[in-house]
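Hydrogens, waters and symmetry mates play no part in the numbers below; they use all other heavy atoms, side chains included. By convention in this document, chain letters (A, B, ...) are assigned in the order of the sequence lines, proteins followed by strands, and residues within each chain are numbered from 1.
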Number of protein chains: 2
Amino acid sequence: MARTTGSHSDITGPRIREVALDLFARRGFAAVSMRQIASGVGVQAGALYNYTPDKQSLLFGLMREHMEELLAARAAREVPDDPLAELEDFTRFHIAHHLERPDAVFISYMELRNLSPENFGLIETLRRAYEDQLEEILKRGVAVGVFDVPDTKIATLALIAMLTGVSTWYRPAGRLSVQQVETIYWDMVRKAVATA
Amino acid sequence: MARTTGSHSDITGPRIREVALDLFARRGFAAVSMRQIASGVGVQAGALYNYTPDKQSLLFGLMREHMEELLAARAAREVPDDPLAELEDFTRFHIAHHLERPDAVFISYMELRNLSPENFGLIETLRRAYEDQLEEILKRGVAVGVFDVPDTKIATLALIAMLTGVSTWYRPAGRLSVQQVETIYWDMVRKAVATA
DNA sequence: GTCTATAGGACGATAGAC
DNA sequence: GTCTATCGTCCTATAGAC
């Protein structure tokens, strides 16, 4: 892992984030030391502090990046007009996006309690903004009579929990493609909010 | 927190488990020290080792107890005969049981990676046994034509993720009773697996 | 059963040389 | 920008007195 002394600012920065994401996801933030991260990158522990003021900022940066990427990817999408097609789009987007970055997904809800109160608040705001997009779809569908849910807020949380749960069991080498998984979940989501 | 020197084996044992459960849930296993647990109990750190061989056994004991209690509570139930009523019973049981012990629920899926491989395997076996009960209900319902799910294994995981997710947002002081929450979720579960 | 004391090591973060 | 060296603190777990 050792590396020759010298300047590598363009490489080291991203590598630190990469290694930290991997180690935090696999062992947990509190169980990972700055020395372990440095070793994975191939530098000494002190060198990390050229890139982050402290360990917690490293975690926060990874989580904020993940949430902002999620919101940006969602915003970049061309969204259909009717609520049913919109909900299908959201479902498929959510599953595909989350399965593409399992480590970031994992730490973003497992390590919330290791954030300072300020940082926690910032992440929660981003998470709320994302959830609100789903709730708005449900509200529109209820308004025009294509959905029937007793409580849009709870339905939102229930559906997101269900969809995000894919990350806990999906393995790319398994028997199902991402598209097949999307379709199976969409079938359940569609029916769960359908008019009786 | 200090306590007079002396024998308290009948009190200290349960208190250690109680304090550990609370601290592990609030801050995470790796972030909690034996000294902090001892301080919460009102003894010195060394005294803990009269009750547990090490920190990890303490965690494992809490998780195993939680899973065994879950299976026992489920087994003690009188289960209705038709799949639809059975599924409603499972849904309401799962929600009520989990909302009664949020800390144990929390650590039981957040701290899996802090278990040794052997202990992890034991907990996974118990978890699988519980999940299998739901899958059997779904299979029976599909067999007699009252449920329509494309994949019972995935539906099982999806429904459990949705139901367990209640623990992340429910607060007893909130606007809804446990019964109301059960009913809202049952409405979604019922429709999600219904025949089209 | 609990205490005090400690072994033996890892931690986060910083200072100063190059 | 990275290194080596280190400060001060905390950790798990054990030993031996009471």
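- Across the protein-nucleic acid pair, A/Leu59 atom CG and C/dG12 atom C1' stand 15 Å apart, rounded to whole Å.
- Partner of A/Glu69 under the side-chain hydrogen bond (donor to acceptor under 3.5 Å, both in side chains) criterion, out of A/Arg64, A/His97, A/Arg101: A/Arg101 alone.
- Distances shorter than 4.0 Å separate some side-chain N or O of B/Thr12 from OP1 or OP2 on C/dT2.
- Residue B/Arg77 places its CZ atom among more than 12 non-hydrogen atoms of other residues, nucleotides or ligands, all under 6.0 Å distant.
- Comparing B/Ala47 and A/Gln36 against DNA chain C, the residue whose closest nucleotide sits nearer the 5' end is B/Ala47.
- The distance from atom CG of A/Asn50 to atom C1' of C/dC18 is 14 Å, rounded to the nearest whole Å.
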I'd like a list of close polar pairs between nucleotides 13-17 of chain D and the protein, N/O only, cut-off under 3.5 Å.
| residue | atom | partner | partner atom | Å |
| --- | --- | --- | --- | --- |
| D/dA13 | OP2 | B/Tyr49 | OH | 3.1 |
| D/dA13 | OP2 | B/Lys55 | N | 3.1 |

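- Geometrically, A/Arg74 does not engage A/Tyr130 in a cation-pi contact, judged by NZ or CZ lying under 6.0 Å from the ring centre and within 45° of the ring axis.
- As a whole-Å value, the separation of A/Arg15 CZ from D/dG1 P is 18 Å.
- Panel note: side chain B/Glu88, backbone B/Trp186; no donor-acceptor pair is recorded below 3.5 Å.
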Requested in this report: Please test B/Leu159 against B/Val193 for side-chain contact (heavy atoms from CB on, under 4.5 Å), starting from the C-alpha separation and ending with a verdict.
Outcome: CA-CA 10 Å; B/Leu159 293 180; B/Val193 302; 4.0 Å; yes
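- With C/dG1, D/dT2, C/dC11 as the choices, the nucleotide that has an atom nearest any side-chain atom of A/Ser33 turns out to be C/dC11.
- One finds a side-chain N or O of A/Gln44 lying less than 4.0 angstrom from the OP1 or OP2 phosphate oxygen of D/dT4.
- In summary, of the residues considered (A/Arg140, A/Glu135, A/Glu136, A/Lys139), a side-chain hydrogen bond (donor to acceptor under 3.5 Å, both in side chains) with A/Thr152 occurs for A/Glu135 alone.
- For A/Tyr51 and D/dT2, the shortest distance from a side-chain N or O to OP1 or OP2 is below 4.0 Å.
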